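Note sheet for the following structure.
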Amino acid sequence: MKTNPELFSWEMLENGGKTRWDGVRNYQARNNLREMKPGDLAFMYHHGPEPGVVGIMKIVSESYDDPTSSEGNWSVVDVEPIKKFERPVSLDEIRYTPVICILPLVNQPKLSVMPVSQDQWDLMLKIGKTSI
DNA sequence: GCCAACGTTGGC
DNA sequence: GCCAACGTTGGC
């Protein structure tokens with residue numbers, strides 16, 4: 001799940017606890033949100049000057065209507081911080097590592113919420129020297 | 001500022 | 001339904 005750290009960073013999530021992941025305005029990303037179930041885990045990705053995966057979140061709600069949208073058919077989920085990466089996994093590392101380099105993160109700038117396979121998940125944790 | 005990717009819009 | 005034009009995201 002991508003975020004602009006100037007607007008909403010890992011630190012803000014840790015300080016604030018449970019947070020509504022709102023503002024998604026892309027149908028494919030929305031559909032990915034709707035696939036999520038309470039208890040699912042997700043990566044937080046910071047875009048900007050130092051793009052990379054910075055931490056692990058837990059989905060703590062079913063998807064529900066986005067209260068920040070007055071029109072349209074948009075969804076949100078609630079998330080909680082679980083663990084910050086021991087070291088962030090940079091976009092370059094993702095790009096040049098087989099298995100995770102095929103994530104849409106690398107070449108689909110408009111998709112802000114995307115699925116991660118078990119293999120990709122495990123490898124990301126390994127590169128980030130992090131376990132849950 | 002430029003560019004790749006790709007979603008959306010609207011003419012036909 | 002097709003496709004050109006345009007807009008948005010986000011890396012660089």
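Worth saying up front: this structure is predicted, and the values here are computed from it rather than measured. Proteins come first, then strands; the chains are lettered A, B, ... in the order of their sequence lines, and each starts at number 1.
Outside the 6.0 Å centre-distance limit, the rings of A:Trp74 and A:Tyr64 are not counted as a close aromatic pair. A centroid separation of 6.0 Å or more is found between the aromatic rings of A:Trp10 and A:Phe85.
A:Tyr45 has no side-chain polar atom (N or O) that falls below the 4.0 Å cut-off from OP1 or OP2 of C:dT9. An OP1 or OP2 oxygen of C:dT9 is reached within less than 4.0 angstrom by no side-chain nitrogen or oxygen of A:Lys2.
Side chain to side chain, A:Ser75 and A:Arg34 meet the donor-acceptor criterion of an N or O pair below 3.5 Å.
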Identify the pairs formed between an N or O of the protein and an N or O of nucleotides 4-8 of chain B at a distance under 3.5 Å, and give each distance.
from, atom 1, to, atom 2, distance (Å)
B:dA5, O3', A:Asn107, O, 3.0

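Distance, A:Asn4 CG to C:dG11 P: 9 Å, rounded to whole Å.
With hydrogens and angles disregarded, a donor-acceptor distance shorter than 3.5 Å links the side chain of A:Lys2 to the backbone of A:Pro109. Remark: side-chain polar atoms of A:Asn15 are not paired, donor with acceptor, to backbone N or O of A:Met12 under 3.5 angstrom.
The shortest heavy-atom contact between A:Gly23 and A:Thr68 is N-OG1, 4.1 Å.
Between A:Trp21 and A:Phe8, the ring planes lie perpendicular to each other; the angle is over 60°, past the 30° to 60° tilted range.
Near DNA chain C, meaning a heavy atom under 4.0 Å from it, residues 93-106 of chain A has A:Arg95 in order of number.
Among pairs with a residue in residues 120-129 of chain A, none fulfils salt bridge (charged side-chain N to carboxylate O under 4.0 Å, His left out), at least two apart in sequence or across chains.
Contacts of A:Leu111 with the nucleic acid, taken as non-hydrogen atoms under 4.0 Å apart, are absent.
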